[in-house]
Amino acid sequence: MKFSKRALTALATAAFSAALTVAAAPSSSAASGCWYSGSEWWCNNVRGAAVYEPSETNGYPHADVVVGYMYSNPSWFRCRRDDGPYVGGPHPNRWVFTEADNGEWGYMKDTSISSETDPLPVC
């Protein structure tokens, strides 16, 4: 099948315009926030996210000691702290206190939670 030069130019122009439209489309809105329900705060999180041991002396998360994992999603959380070890993301030092699926208490990295954690109370 042969195309005329004019048809190919029109097709290329349409494809280029479509690509620009997609590139210029607004990004998706920010993640929705965690929500309060049934006396707990709930957030969407990564399945299988690690939960880290809290220090007995100062309560900070031990970023290298995993006490359990969170396989549920969404999961419930108690509070947040913004003074833990560096984790990156929009809240670079935020950790969120919870109970892992094995019953151990600890902190999940904020980067493992897809909901905005600002609504959680401060620990």
Side-chain angles (χ1 to χ4, degrees):
M1 181 180 222
K2 257 184 146 178
F3 290 99
S4 70
K5 190 173 186 177
R6 182 181 222 178
L8 288 174
T9 300
L11 184 60
T13 301
F16 181 73
S17 295
L20 283 178
T21 302
V22 169
S27 62
S28 61
S29 62
S32 59
C34 298
W35 62 97
Y36 191 76
S37 177
S39 74
E40 301 293 350
W41 283 95
W42 294 85
C43 306
N44 292 310
N45 56 277
V46 174
R47 290 187 182 174
V51 176
Y52 296 85
E53 177 183 62
S55 169
E56 289 184 20
T57 56
N58 61 14
Y60 287 104
H62 285 174
D64 55 348
V65 181
V66 175
V67 295
Y69 295 90
M70 190 72 78
Y71 296 103
S72 58
N73 181 34
S75 303
W76 62 269
F77 299 88
R78 286 282 159 91
C79 57
R80 64 179 166 90
R81 64 181 308 157
D82 290 304
D83 57 355
Y86 181 81
V87 295
H91 308 293
N93 298 93
R94 182 171 290 175
W95 293 75
V96 183
F97 196 66
T98 190
E99 183 180 10
D101 286 346
N102 64 358
E104 293 291 324
W105 287 91
Y107 289 95
M108 185 183 292
K109 294 177 179 180
D110 183 72
T111 52
S112 295
I113 301 172
S114 57
S115 297
E116 173 53 63
T117 55
D118 279 345
L120 292 171
V122 175
C123 295

What's the shortest heavy-atom distance between [X] and [Y], and which atoms?
X: Ser72; Y: Asp101; answer: N-OD2, 3.4 Å
X: Met70; Y: Ala100; answer: CE-CA, 4.2 Å
X: Thr117; Y: Val96; answer: CG2-CG2, 4.1 Å
X: Gly59; Y: Pro54; answer: O-CB, 4.1 Å
X: Gly33; Y: Ser115; answer: C-CB, 4.1 Å
X: Cys123; Y: Arg81; answer: SG-N, 4.4 Å

Separation between SG of Cys43 and CG of Leu120, rounded to the nearest 0.5 Å: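 Result: 4.5 Å between the selected atoms.
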Taking C-beta and beyond as the side chain, do [X] and [Y] meet within less than 4.5 Å on heavy atoms?
X: Asp118; Y: His91; value: yes
X: Arg80; Y: Asp110; value: no
X: Ser114; Y: Asn73; value: no
X: Asn93; Y: Asp83; value: no
X: Pro74; Y: Asn44; value: yes

Short side-chain to backbone donor-acceptor contact, Ser112 and Val46, under 3.5 Å: no
Salt bridge (charged side-chain N to carboxylate O under 4.0 Å, His left out): pairs with one or both residues in residues 54-64, sequence neighbours excluded: none
Partner set under ring pair (Phe, Tyr, Trp, His ring centres under 6.0 Å) for Tyr60, not counting sequence neighbours: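 Ring pair (Phe, Tyr, Trp, His ring centres under 6.0 Å) list for Tyr60, sorted by chain: empty.
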Cluster companions of Tyr69 among Ile, Leu, Val, Met, Phe, Trp, Tyr (side-chain spacing under 4.5 Å):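 Other cluster members: Trp35, Trp42, Tyr52, Val66, Tyr71, Trp76, Val87, Trp95, Phe97, Trp105, Tyr107.
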Electrostatic pair Glu116-Arg94, nearest N-O below 4.0 angstrom: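 The answer is yes: the pair qualifies as a salt bridge.
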Working for side chain to side chain contact (heavy atoms under 4.5 Å, CB included), residues Val51 and Glu104: CA-CA 8 Å; Val51 176; Glu104 293 291 324; over 6 Å; no
